[in-house]
Amino acid sequence: MEEKMTDKQFDKILKMVSMILDGCKDLEEAKQKVRELLEEQKKEVME
């Protein structure tokens, strides 16, 4: 079954990305924050 993202979910994701980028000085810092969030998510899924 194919999952489709709703407009509301897409909007929420973009707002989260915007919040991450607002607090970053450069691209590397933004990439690091995204990596950390992905690692946290993986840990939560495994528990």
> Would Lys31 and Glu28 count as a salt bridge (charged side-chain N to carboxylate O under 4.0 Å, His left out) if you check the C-alpha gap in whole Å, the side-chain angles of each, and the deciding distance to 0.1 Å?
Replying inline: CA-CA 5 Å; Lys31 287 180 182 180; Glu28 286 306 313; 3.7 Å; yes
>> As a quick check of understanding, evaluate salt bridge (charged side-chain N to carboxylate O under 4.0 Å, His left out) for Lys33 and Glu36, giving each step before the final call.
In response: CA-CA 5 Å; Lys33 284 187 179 185; Glu36 289 171 5; over 6 Å; no
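Expressed to the nearest 0.5 Å, how far CG of Leu21 lies from CG of Asp26 amounts to 11.0 Å. Atom NZ of Lys15 and atom CE of Met19 lie 10.5 Å apart (nearest 0.5 Å). For the atom pair CD (Gln41) and CG (Leu38), the distance works out to 8.0 Å, reported to the nearest 0.5 Å.
Using modelled atom types, one side-chain atom of Gln9 and one backbone atom of Thr6 make a donor-acceptor pair closer than 3.5 Å.
Proximity of Gln32 to Glu29: side-chain heavy atoms (C-beta onward) are nowhere separated by under 4.5 Å. Looking only at side-chain heavy atoms (C-beta outward), Val34 and Val17 stay at 4.5 Å or farther from each other. Within the 4.5 Å cutoff, the side chain of Ile13 has heavy atoms near those of the Met5 side chain.
Within 6.0 Å of CG in Asp22 there are more than 12 heavy atoms belonging to other residues, nucleotides or ligands.
Taking each heavy atom of Ala30 and Cys24 in turn, the nearest pair found is CA-SG, 3.4 Å.
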